[in-house]
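What follows is a single structure, written as structure tokens, with notes after it.
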Amino acid sequence: MSRISTLAGAVTAALALVTGSAVAASAAPIDRTPGAAAAEAKVDPVAWTPCNPDPSKPDPGIYDCAVYPVPLDYDNPDGEKVGIAMMRRRASDPSKRIGSLFLNPGGPGGSGYLWATTTRFGTEVQSRFDLIGFDPRGVARSNPLKCYKTQEESDAIEARKTGVPLTRAEINETLDATQDYTDACSKNAGPLIEHMSTINVVRDLDRMRRAVGDAQLTFAGFSYGTLIGSTYAGMYPDKVRAIIVDGNVDPELRLADGMEYDRQRAGGFELALDEFLKRCQTAGAPRCAFGEGDTRAKFDGLRDHLRTSPVTLPNGSKVTLSTFTDQVANALYSQSRLAGLAKQLQALYQVVEQPSAPTLMAPKATAADDASQLAVHIPRALREAPADSPYTGDDSYLAVNCQDKPYPSNDRAFANAARKWEQEAPTFGRYQAFDAPACASWPAPAVDAERYAGPWNRKSANTVMVIGNLYDPATQYKFAQRMQQELGNAVLVSVDSIEHCAVGRSKALNELVTRYLVDQKAPQAGQLLKPDLDPFPTV
């Protein structure tokens, strides 16, 4: 996920944990009983201050920022507070304003603060709603959870890990380094690490909903944000005005069995990859640069070659199995990247299989540049931190996942799973198996955490809109189907696309989204829409 590293100067100074003595916040606890009909406890309103999302450009004069205090521990609501960084784009037609549309881009750990500036929603939505982006607790500007004190400390440990470890030495060193990482988390992260589960994010969201004066919640959550939306519908069903969940998790499975959930995630990446290769071959070269011959056989040959040895490119860079898998997975997230991925694969194929053949697409120098993209390591997520931060890494992804998703406490279980999973998911099985070994030794694991694990089928006051791409790599389509089935009042709209999440990628879908948000008109069930973009347009 790309991050925009701009923020309003007025908010930068408010990044730290807000203490009870520093900020006067409502001491009244919220009613934490899911579905309870008790009268709402009052909270302090948000204290908005005008701000500019990008100080390098003229101030458009339509944004406000705030840091809103919420309890660190909802069992001790009068105690320490966490400051939630919020940004608001004011409704462009105040006379027709309906309320606030809260946004979360996923992750977990994704910064939603600048999503107040998103153009995914049409002008009618922007005119009728305040768009509110926020960084959830422990993320980016909202008291970022940090496992290291310095970047040097992080680099020394992270360099010992292999993204897709194959040999016994690589596996052992990766697991040893992961143990050192979780030891650092235990030492440095502080008390926040025990309160990062999604149930607390949802409690924060409900406080913010009341703090902006909305009687019910209007929310759009993408990817992991769909867990926030579905959890909210389970905990506060009577407070649902309109909730969009796009790029869906399977909440029931995710909260019950982390390993099985991750195994099925690997299957989703495989389905998306297979569809990409089929569509590429159908388009053929030059529309799809990798489209000449048997694309499946060519791809498998590249992957299997990298399992035995890296490929050194003419410019000296090396494509490894880890960088290759990272880059392929990353490209599948967006249809706009698929044509570029095809060029990269074709360039690498020529280096490996046809080193003396001329390229179909470009001069040799350009082809080498295409292949070299597959040699680039994708770093662990970076938070939006000031330039002088001693540590810029983001540890909130695991902080949330390890509290939400139950995992084995023996880290060898991940290595054992990798051997099995790659039989059914040869490209992404091992890759996905090594996504979460840190959860085996996480200082605040799911087994000890306060979590919301259902029920998911409470009938919400209004229908939830579920959106799923047929070939979503990160959250496969059957997760969207299960989300619709598990929720008590939901409708599913599908999009025939290879991409993660769909809002903003289809005019037909956006019209349904607009009518749902503005008029509370739930879309007709069973619709299959087309994306606006052809990944391999006619040249």
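For residues 307-321, every residue pair satisfying the salt bridge (Lys or Arg N to Asp or Glu O under 4.0 Å) rule, not counting sequence neighbours, is listed here: R307-E422. Residue pairs meeting the side-chain hydrogen bond (donor to acceptor under 3.5 Å, both in side chains) criterion with at least one partner in residues 435-449, sequence neighbours excluded, are T182-S441, Y397-D435. Counting only residues at least two apart or on different chains, the salt bridge (Lys or Arg N to Asp or Glu O under 4.0 Å) pairs with a member in residues 169-181 are R160-E173, R160-D180. Residue pairs that meet the disulfide bond (SG atoms under 2.5 Å apart) test with at least one member in residues 388-430, sequence neighbours left out, are C402-C439. Sorted by first and then second residue, the salt bridge (Lys or Arg N to Asp or Glu O under 4.0 Å) pairs involving residues 182-197 (not counting sequence neighbours) form an empty list.
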(request) Using the ring-ring contact (aromatic ring centres under 6.0 Å, His included) rule, take Y471 and F276 through it: C-alpha gap first, then chi angles, then the decisive distance, then the call. (result) CA-CA 9 Å; Y471 304 100; F276 158 72; over 10 Å; no
(request) Please assess S197 against E450 for the test side-chain hydrogen bond (donor to acceptor under 3.5 Å, both in side chains), listing each intermediate value before the final yes or no. (result) CA-CA 7 Å; S197 60; E450 185 181 15; over 6 Å; no
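The side-chain hydrogen bond (donor to acceptor under 3.5 Å, both in side chains) search around S396 returns D394, not counting sequence neighbours. Remark: T323 pairs with T320 by the side-chain hydrogen bond (donor to acceptor under 3.5 Å, both in side chains) rule, at least two apart or across chains. For F299, the ring-ring contact (aromatic ring centres under 6.0 Å, His included) partners are F324, not counting sequence neighbours. Scanning for ring-ring contact (aromatic ring centres under 6.0 Å, His included) contacts around Y148 gives Y181, Y391, with sequence neighbours left out. The disulfide (SG to SG under 2.5 Å) test applied to C501 returns no partner, not counting sequence neighbours. Annotation: side chain to side chain contact (heavy atoms under 4.5 Å, CB included) contacts of P426 (sequence neighbours excluded): E270, R303. Among residues two or more places apart in sequence or in another chain, the side-chain hydrogen bond (donor to acceptor under 3.5 Å, both in side chains) test is passed with D135 by S111, R141.
At least one side-chain heavy atom of F536 sits less than 4.5 Å from a side-chain heavy atom of C280. Between F434 and R430, the closest side-chain pair of non-hydrogen atoms falls below 4.5 Å.
A side-chain N or O of Y224 and one of T198 form a donor-acceptor pair less than 3.5 Å apart. Side chains of R482 and N248: no donor on one and acceptor on the other come within 3.5 Å.
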